[in-house]
Asks: 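If you scroll down you'll find the structure; I have some questions about it.
Since the model is a prediction, treat every value here as computed from it, not as a measurement. Naming: A, B, ... by sequence-line order, numbering from 1 per chain.
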Amino acid sequence: MSQEITHIATPTPPNYDDLLVGLNPQQVEAVQTIYGSLLVLAGAGTGKTKVLTSRIANIIAQGSARSWEILSVTFTNKAAREMNERIGVLIGSETGLSWAGTFHSICAKILRRHAELVGLQSSNFTILNNDDQERLLKQILEADNVDVKKNPAKLLLAIIDGWKNKALLPENLTAGDIPDLYNGKAADYYLRYQNRLRTLNAVDFGDLLLLCITLFRKFPEILTDYHRRFKFISVDEYQDTNVAQYLWLRLLAQGHGNICCVGDDDQSIYAWRGAEVGNILKFEKDFNNAKIIRLEQNYRSTPTILRAASEVIAHNSDRLGKTLFSELADDDKITITSHWDGDEEARLMVDKIEDLQKFDSIPLNNMAILVRTSGQMRVIEEKLITCAVPYRVIGGLKFYERQEIRDAMAYLRLVAQPYDDLAFERIINKPKRGLGDAALNIVHQHAKGDQIDYRMALFTASQDILLHDILKPRPRKALKDFIMMMERWQKVAPTMPLHELVEMILEESGYTDMLRLDKSPEAVGRLENLKELVRATQDFENLQGFLEHISLITDTATVTSNQTVTIMTLHGAKGLEFECVFLPGWEDGLFPSQRSMDETGQAGLEEERRLAYVGITRAKKKLFISFAQNRRLYNQWQTTVPSRFIDEIPEDVCNIVNRAYFSKAKHKAENHNMDYLNSNQVETAGWKRAQNQYLNQRTKMLDVPKRSPKTLHVYKVGDTISHNKFGDGIIISVEGERLLIQFDGNIFKNIMVDFVTPKDF
DNA sequence: CGTGCTCACCTTTTT
DNA sequence: GGTGAGCACG
C-alpha cells in the first residue's frame, strides 16, 4: 500500500530557524512540542494556522517523520486545502502531506481499502447526502404506514444522525436513547435504514466515521498498520469534534500518543450536529500527560473589536477561559444601526459598502456580510444587484444541490453503481419516457416480493421484469429502452474519457433536449450549469473519483482575487477574516435564533453567543452591526427586538445610529409582552390572525401594497428619473435592463431599472 | 400518464 | 418568494 505514496520525490527539508521567525514565545513552544499529546487553546486571530503548519514543518525538519507519515485532519475541505498548501510551501513540496483532509474524506479513503471487511459490497460504495438520506427514511416510514406529515422523516434523520454522532449502532441503543416518538419505533427504523444502506452499497456521512471505527476495533492488525503509517496526528478545530470523531482519533493515537489538537472552546458552533465542547474541556483527562498551551495574543482585530467580543462571550458559563489582547492601533468604534425594516437595512448597508470603497479605498474583497440564516441573503443580494456592486455568495444554494446537477449526477451514479435505487428513482422518468408512478410501483413491488425489505435493487428488478410478461406493451418498451441504454453506458464507462461519457449520457438520455425544448427562462441557466458540470469532470480520471469528490465537497467557492463583497453565513465564516464586517439581522428570535433557544435552552443561547463571538472576531478594523424593527418573513411582517447580544457590547466601544428606532423597538417589545417571541406557545390560528392584522395595519400605515407591483416601464434616452440616493437624473443610454444615468454631472453606469423610478410615477 | 392549478408550509447553522 | 403535495382534468 505504501508504494503509491513513497514515489513522491523527497522534498527539500525546511530550515528549522526560519520556522520560528516572527513567532511569540507561546507559539514557539507549541511549534517545538512535537511528541506526546498537546492541546493548543488558540483564541480567534492568534495565529493558529501558522502554528499548526509550522509545527508540522518542524516535525519534518527535525527528521521525525516524512510528509506521508503525518495525518492532518480538519473539518472543511477549504481548511484542508489551505492548510496543505501552506505546509507545502513550508516544506518545499507541491503536494504537501499525503494524508491531509477532512474527517470524512480520510475515512472514505481508508474505507475504500477495506470496504468488504465492514459489510460493504465493494469499494465503489456511494456516499449519500442529506437529501438522499431523508428520501430513504421517508420510504421506510411510508412502508410502515406512518403519516409522514405528523412524523417527518427529517426529524427521524436528525435522531439517527444524533446517534451516529455519538457512535451508537442500532444494537448499542439503550432504552434511554430512544425518544418517545414514532411509536417508540425509531430504533427499528434505524436498523432498517442501515440494512437498506447496505443493500444499496451506500454509506452516509456518519457511517464513514462509524464503519472506520468498527474496522479498527474488529481488525487490530489493520489498526496497527495505521499506527505505523501515521506517526503524528494533527487536528484542527478540535472543539467541533463529536464523540465518533473523538473515538476515531483516540484509536489512531493509541499507538504512539503523538497527537496535537488545536481549538477554541469559545468558537464551538456545531453542537447541533453533535460537536461536544466536552471533548476539548476534558482533553487533559483523555490523553495521557497532555500539555496545554494558550495562545492569547490576537494579531487580527483592533482592541475595540476584541473588547466587544470578549465582553459578549464573558456572559457564557462553560468556558476554559482565555484573555485575548491586541496591540494593534485603535481607531474606529463599532457602528450599531437600527433600521425600520430589512429592506432599509440592506440598502444602507450597500450604501456604506460603496462609501468604504470610494472614500476609504477598501477593496471589496476585504468586506463581508455575515448572516445568521441563508434566508437573509436574498434581500441583500437584491440591493447589491440594483447598485451594481459585485458580490459572491458562499454557501446558500450550492451548485451540486441544483436540480439539473443532481439529475445528471443520478445518471452517473446509476452507471457507476446499479444498486443505487435512489438514483434510479430520480431519473427513471426524467426526461419523461412514459414510466410514471404506476410503472415505478410495479418495479418496487417486484423488487420487494412479499417481504418488507428489498430483495433486489430496482435496476435488477427492472431487468427481471423485462424477462417476464408483466408490463403492458408501451411501458414495457419504455423500460426496455431505458435499461438497455443504461447497460450500454455501463459497458463503455470504464474505457471512455469521463467528460465525453457525461456529455454522451446527457445527450442520449434526452436530458439536454428536454431543457432545450423548455422555453422557461430558467432552462437556459440549467443548460449552462450542465456545461459547467461537464467542464468540472475534465479534471477527473474516472467516474469513481469524480463521484467521491462531489459527495464530499461542499464549498464550491474557489478563492478568487475578484473584487467582490462576500456574503455568507456566520458558520461559513469561521477561520476567515475581513477588514470590514457587516453583521445584519441582530434581532432576538433571528439572532439568537428562537428555535435554538427553544430546543436546547441555555445551552442553545450560549452557542448562539459563541456564534456572535465568531462573527465579531472576523473583523480586523471596522465592524457594523444592525437590526431592523420590522422584518418580513415568508411574506409576513414581524415586529422585532434588538438582539440581547447588542446590549452586551459595552457602550464605550460603539456608536448607536438611529437611537430613536432603537429605544422604540425595545419599548415595543416590553409592551407586547414578547408574545411573538414565544410564537410556538401561542395557538397557531390566533397567532396567524394577529400577524395578518399587523400586516394590514402596516400596509395602511405605509401605503404600500402587500406585494410590490410588477409594473413594466419603458425607459427611453432623455427620460428624467428619480433615484433615492442621488436624486434626479437623466438617462443617457439604455442597454437591456441596464441604464447609463447622469446625476448632477456625474455619470453612473449599470444602474438596474428597478432601482430608479420615472419622475411621473 | 401528464399537466397545471391551488394550498400549506417553510428557514437555522454543515460534513 | 419558493416548493412540494394533492387534486381535477385532458
Side-chain angles (χ1 to χ4, degrees), chain A residues 73-80 101-108 127-131 133-135 138 148-149 152 154 157-158 161 164-165 203-209 237 240-242 244-245 268-275 370-379 381-382 394-398 400-401 403 429-441 472 474-475 478 522 550-555 568-574 585 589-600 604 607-608 610-612 614-615 631-636 638 684 688 706-708 710:
Chain A
V73 205
T74 55
F75 273 84
T76 64
N77 293 297
K78 202 165 115 221
T102 62
F103 277 99
H104 295 92
S105 67
I106 287 170
C107 283
I127 301 171
L128 298 188
N129 64 9
N130 273 6
D131 225 52
Q133 290 177 287
E134 206 182 311
R135 286 217 321 250
K138 203 170 156 197
V148 222
K149 272 256 161 73
K154 218 185 186 113
L157 177 60
D161 265 346
K164 291 194 170 183
N165 288 335
V203 299
D204 60 21
F205 286 123
D207 278 349
L208 288 172
L209 259 310
E237 309 277 14
D240 289 334
T241 47
N242 60 33
Q245 286 156 340
S268 163
I269 52 174
Y270 286 106
W272 50 272
R273 72 170 197 216
L370 310 180
V371 294
R372 174 69 243 264
T373 71
S374 34
Q376 291 168 255
M377 290 178 176
R378 210 194 60 245
V379 199
E381 276 187 72
E382 279 169 12
I394 297 183
L397 52 131
K398 286 162 214 133
Y400 291 104
E401 278 169 19
Q403 262 185 53
N429 204 24
K430 216 172 204 179
K432 305 245 179 321
R433 40 174 80 89
L435 295 166
D437 289 348
L440 186 60
N441 262 336
K472 287 184 186 139
R474 224 164 59 187
E522 56 266 25
I550 295 313
S551 48
L552 291 175
I553 200 171
T554 44
D555 47 308
M568 60 179 135
T569 63
L570 285 163
H571 284 87
K574 195 148 74 149
L590 180 62
F591 186 51
S593 145
Q594 187 57 42
R595 199 161 149 191
S596 167
M597 295 188 294
D598 286 345
E599 278 166 14
T600 42
E607 172 141 327
E608 296 286 308
R610 289 192 290 269
L611 208 44
V614 169
R631 194 173 288 276
R632 201 158 59 156
L633 288 172
Y634 331 125
N635 228 9
Q636 300 230 280
Q638 284 195 349
T684 316
K688 279 210 167 134
K706 285 186 196 178
R707 282 167 184 280
S708 54
K710 298 233 158 113

Asks: Tell me which nucleotide among dT15(B), dT13(B), dA5(C) gets nearest to the side chain of F205(A).
Replies: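 The nucleotide sitting nearest to the side chain is dT15(B).
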Asks: Rounded to the nearest angstrom, tell me the gap between atom CG in D131(A) and atom P in dT15(B).
Replies: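 The answer, rounded to whole Å, is 15 Å.
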Asks: May I have the distance from M377(A) (atom CE) to dG1(C) (atom P), rounded to whole angstrom?
Replies: 18 Å
Asks: Got a second to check how far F205(A)'s CZ is from K164(A)'s NZ, nearest 0.5 Å?
Replies: 11.5 Å
Asks: Between dT15(B) atom P and D204(A) atom CG, what is the distance in whole Å?
Replies: 15 Å
Asks: Which listed nucleotide (dT14(B), dT15(B), dT3(B)) is nearest to the side chain of H571(A)?
Replies: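 The answer is dT14(B), which lies nearest to the side chain.
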Asks: Select base, sugar-phosphate, or nothing to describe what D207(A) touches, counting heavy atoms under 4.0 Å on all strands.
Replies: nothing
Asks: Tell me which nucleotide among dA5(C), dT13(B), dT15(B) gets nearest to the side chain of T569(A).
Replies: dT13(B)
Asks: Give F103(A) one of three labels, base, sugar-phosphate or nothing, depending on what nucleic acid heavy atoms sit under 4.0 Å from its own.
Replies: nothing
Asks: For L128(A), is there any backbone N or O sitting under 3.5 Å from a side-chain donor or acceptor partner on D204(A)?
Replies: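 Flag not set: sc D204(A) to bb L128(A) has no pair under 3.5 Å.
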Asks: In whole angstrom, what separates N242(A)'s CG from dT13(B)'s C1'?
Replies: 16 Å
Asks: Looking at N429(A), I'd like to know whether one of its side-chain N or O atoms comes within less than 4.0 Å of OP1 or OP2 on dC1(B).
Replies: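 For dC1(B), neither OP1 nor OP2 has a side-chain N or O of N429(A) closer than 4.0 Å.
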Asks: Find which nucleotide of DNA chain B each of L435(A) and E607(A) is nearest to by heavy atoms, and output the residue with the more 5' nucleotide.
Replies: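 The residue mapped nearer the 5' terminus is L435(A).
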Asks: Given dC1(B), dT3(B), dG1(C), identify the nucleotide with an atom nearest to the side chain of K432(A).
Replies: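 Between dC1(B), dT3(B), dG1(C), the one nearest the side chain of K432(A) would be dT3(B).
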Asks: Calculate the interatomic distance between K574(A) atom NZ and dT15(B) atom C1'; express it in whole Å.
Replies: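 It is 13 Å, rounded to the nearest whole Å.
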Asks: Looking across every strand, which nucleic acid part, if any, lies under 4.0 Å from N129(A) by heavy atom: base, sugar-phosphate, or nothing?
Replies: nothing
Asks: At less than 4.0 Å, is any side-chain N or O atom of S596(A) found next to OP1 or OP2 of dT13(B)? Yes or no.
Replies: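 The answer is no; no side-chain N or O of S596(A) sits under 4.0 Å from OP1 or OP2.
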Asks: Return the value, rounded to whole Å, for the distance between atom CG of D161(A) and atom P of dT13(B).
Replies: 16 Å
Asks: Under 4.0 Å between a side-chain N or O of S105(A) and OP1 or OP2 of dT15(B)?
Replies: no
Asks: Would you indicate which nucleotide in dT11(B), dT13(B), dC1(B) comes nearest to any side-chain atom of K154(A)?
Replies: dT11(B)
Asks: Could you give the CE-to-C1' distance, from M597(A) to dT13(B), as a whole number of Å?
Replies: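 Checked: the CE to C1' distance equals 15 Å.
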Asks: Nearest 0.5 angstrom please: F103(A) CZ to E237(A) CD, how far?
Replies: 10.5 Å
Asks: F75(A) near the nucleic acid: base, sugar-phosphate alone, or nothing, with a heavy-atom cut-off under 4.0 Å?
Replies: sugar-phosphate
Asks: With the stacking rule set at 5.5 Å and 30°, tell me whether W272(A) counts as stacking on dT13(B).
Replies: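 A stacking contact exists, since W272(A) sits close and nearly parallel to the base ring of dT13(B).
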Asks: Does a side-chain N-to-carboxylate-O contact under 4.0 Å join E607(A) and R610(A)?
Replies: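 Yes, E607(A) and R610(A) are salt-bridged.
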Asks: Write down the distance between CD1 (I269(A)) and P (dT14(B)), rounded to a whole number of angstrom.
Replies: 9 Å
Asks: How do G572(A) and L440(A) order along DNA chain B: which one's closest nucleotide is nearer the 5' end?
Replies: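 The residue closer to the strand's 5' end, by nearest nucleotide, is L440(A).
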Asks: Any side-chain heavy atom of L590(A) sitting closer than 4.5 Å to one from Q376(A)?
Replies: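 With C-beta onward as the side chain, the pair touches.
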Asks: Any chance you could measure L157(A), atom CG, to K138(A), atom NZ, to the nearest 0.5 Å?
Replies: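 Answer rounded to 0.5 Å: 13.0 Å.
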